Protein chains: 2
Amino acid sequence: MSQSPSSQPAAAGGLRERNKREKLIRIRRAARQLFERKGFEGATAREICRRAGIGTGTLFLYVRDKRELLFLVFRDEARRLYREAASRVEDEMSLPVAMMCFFSAFIEFYARNPELSRVIAQELFFREHEPETMGALTLEFAGELAKLVEQEQRRARLRADVDTSTVVSACFAHYTFWVQCWLGAKMVSREEAERSLRQALELQLEGLSARGMRC
Amino acid sequence: MSQSPSSQPAAAGGLRERNKREKLIRIRRAARQLFERKGFEGATAREICRRAGIGTGTLFLYVRDKRELLFLVFRDEARRLYREAASRVEDEMSLPVAMMCFFSAFIEFYARNPELSRVIAQELFFREHEPETMGALTLEFAGELAKLVEQEQRRARLRADVDTSTVVSACFAHYTFWVQCWLGAKMVSREEAERSLRQALELQLEGLSARGMRC
DNA sequence: AACTAATACTGAACCTGTTCATAATTGATC
DNA sequence: GATCAATTATGAACAGGTTCAGTATTAGTT
């Protein structure tokens with residue numbers, strides 16, 4: 001019950017569903033191509049619709065607004081990115097180095113199209129995400145980082161009296177900060193951002209206090 | 001030479017200059033009132049122009065785009081905010097507490113109109129600022145924080161082998177992160193953001209490493 | 001005061017994201 | 001297959017930010 005009526009090809013039955021799914025795919029492809037070719041502002045909603053073979057109004061049955069198209073394009077890519085990054089993490093790596101596997105993967109991706117990435121980052125950090133799509137992605141990413149932290153805690157290389165989530169937040173804060181200095185305010189180059197981020201992660205781990213030093 | 005021609009009231013001579021200055025003031029007041037009353041999107045450029053007593057095209061001789069109006073409104077306020085905060089800092093305060101004087105002042109301000117502040121923060125962090133206005137303000141703010149850090153370093157309560165600017169960046173990163181979690185992604189309340197920020201600053205100071213602990 | 005170059009102002013027109021009344025398509029029922 | 005309700009698609013119309021060709025104002029010069 002509550003399955004496909006009777007004898008459909010399993011995946012998803014009706015013509016309705018199939019049409020919608022294919023339309024979404026066409027929209028995603030059209031958006032990706034035009035964003036990459038012309039940037040976010042340069043690609044007009046009308047042109048994306050034309051290329052996707054739909055009416056202008058139809059687009060907004062699939063996304064709330066133009067900016068949401070960014071996520072449609074970005075989502076799969078992002079998941080792929082941190083899956084790859086996770087596989088690159090090795091056991092003997094220190095926490096900052098392991099985390100940099102993840103962060104560098106995204107920085108690398110952003111560097112391929114900084115103008116577009118600026119808008120993506122802006123939306124990522126300033127939008128309320130619906131839990132079932134981007135929200136889930138964020139949690140998944142946070143989960144990957146949490147794994148690294150927990151491992152480090154289990155090995156007693158990290159204070160055990162600090163919540164995992166607190167550590168993850170702190171490290172993520174440095175990441176977002178330097179990405180914004182690079183893509184947003186354009187105060188540093190990509191190399192400087194990456195270097196500063198690595199340094200910030202190391203410093204976060206070591207601490208700033210003069211009390212506990214050198215003992 | 002290259003001063004006002006001969007016998008002007010010192011400040012700034014010509015009628016042109018005066019008109020322009022007054023127009024800018026009218027624009028700023030109109031923008032502030034309408035932004036506060038109707039929010040950023042709710043206040044149309046045309047209405048701001050009408051209230052400022054200028055033609056619609058004239059607005060864009062004074063600001064590059066509508067979003068720049070936010071800075072026109074925010075700039076004086078921000079300078080006032082951290083001047084006040086600076087006066088509230090006391091000598092015996094720990095670094096995290098002293099820094100929270102500054103950050104809390106801004107958080108307090110943001111809380112008075114979170115919707116508008118969301119857009120302000122977004123622009124603050126994602127825009128290239130012209131050096132003579134917002135860029136200068138940022139530097140000034142960073143300078144205030146740097147003073148606190150230097151003082152702490154002089155008192156040998158802080159590691160001396162880390163650049164002041166590195167410490168400031170790290171702390172500022174936590175600030176922007178939690179502001180964004182609160183205003184942008186709306187993942188935490190104002191209270192949670194403030195509490196998490198304080199905790200992050202303390203943790204940054206203490207460090208995460210298990211090596212140097214309890215000695 | 002008259003003339004002129006330079007500067008500042010204007011609002012109609014333009015462009016683009018988004019909405020919505022209307023039309024077309026789908027799937028269920030007989 | 002015919003009927004019909006529900007869903008989905010459409011593009012003209014709308015709204016708001018921004019531009020620019022034309023107009024007005026200012027300041028310097030005679």
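Quick note: numbers below take in every heavy atom, side chains included, and nothing from hydrogens, waters or symmetry partners. Numbered from 1 within each chain, the chains take letters A, B, ... in sequence-line order. Remember, it's a predicted structure, so these values are computed and weren't measured experimentally.
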Rounded interatomic separation in angstrom, taking [atom1] from [X] and [atom2] from [N]:
X	N	atom1	atom2	result
R21(B)	dT7(C)	CZ	P	18 Å
R50(B)	dT10(C)	CZ	C1'	15 Å
E68(B)	dG17(D)	CD	C1'	14 Å
I48(A)	dC15(C)	CD1	C1'	15 Å
L24(A)	dA9(D)	CG	P	11 Å
I54(A)	dT25(C)	CD1	P	16 Å
E17(B)	dA27(D)	CD	P	9 Å
L61(B)	dC20(D)	CG	P	12 Å

Taking only side-chain N and O atoms of [X], does any of them lie within less than 4.0 angstrom of OP1 or OP2 on [N]?
X	N	result
K20(A)	dT26(C)	no
Y62(A)	dA9(D)	yes
N19(A)	dT26(C)	yes

Indicate, with a heavy-atom threshold strictly under 4.0 Å, whether L59(A) touches base, sugar-phosphate, or nothing.
nothing

Exactly one candidate in E140(B), E144(B), E77(B) meets salt bridge (Lys or Arg N to Asp or Glu O under 4.0 Å) with R83(B); the answer is E140(B)

For the pair [X] and [Y], name the ring-plane relationship: parallel under 30°, tilted 30 to 60°, perpendicular over 60°.
X	Y	value
F125(B)	F172(B)	perpendicular
F141(A)	F103(A)	perpendicular
Y110(B)	F74(B)	parallel
H174(B)	H174(A)	perpendicular

Nucleotides 17-24 of chain C: which of its N/O atoms have a protein N/O under 3.5 Å away?
{"from": "dG17(C)", "atom 1": "OP1", "to": "K66(A)", "atom 2": "NZ", "distance (Å)": "2.7"}
{"from": "dG17(C)", "atom 1": "OP2", "to": "A45(A)", "atom 2": "N", "distance (Å)": "2.7"}
{"from": "dG17(C)", "atom 1": "N7", "to": "R46(A)", "atom 2": "NH1", "distance (Å)": "2.8"}
{"from": "dG17(C)", "atom 1": "O6", "to": "R46(A)", "atom 2": "NH2", "distance (Å)": "2.7"}
{"from": "dT18(C)", "atom 1": "OP2", "to": "K66(A)", "atom 2": "N", "distance (Å)": "2.8"}
{"from": "dT18(C)", "atom 1": "O4", "to": "R46(A)", "atom 2": "NH2", "distance (Å)": "3.4"}

*asked:* Within a 6.0 Å radius of atom CD on E41(B), are there more than 12 heavy atoms belonging to other residues, nucleotides or ligands?
replied: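 Counting other residues, nucleotides and ligands, CD of E41(B) stays at 12 neighbours or fewer.
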
Is K66(A) close enough and on-axis enough to F40(A), meaning under 6.0 Å and within 45°, for cation-pi?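 The answer is yes; both the distance and angle limits are met.
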
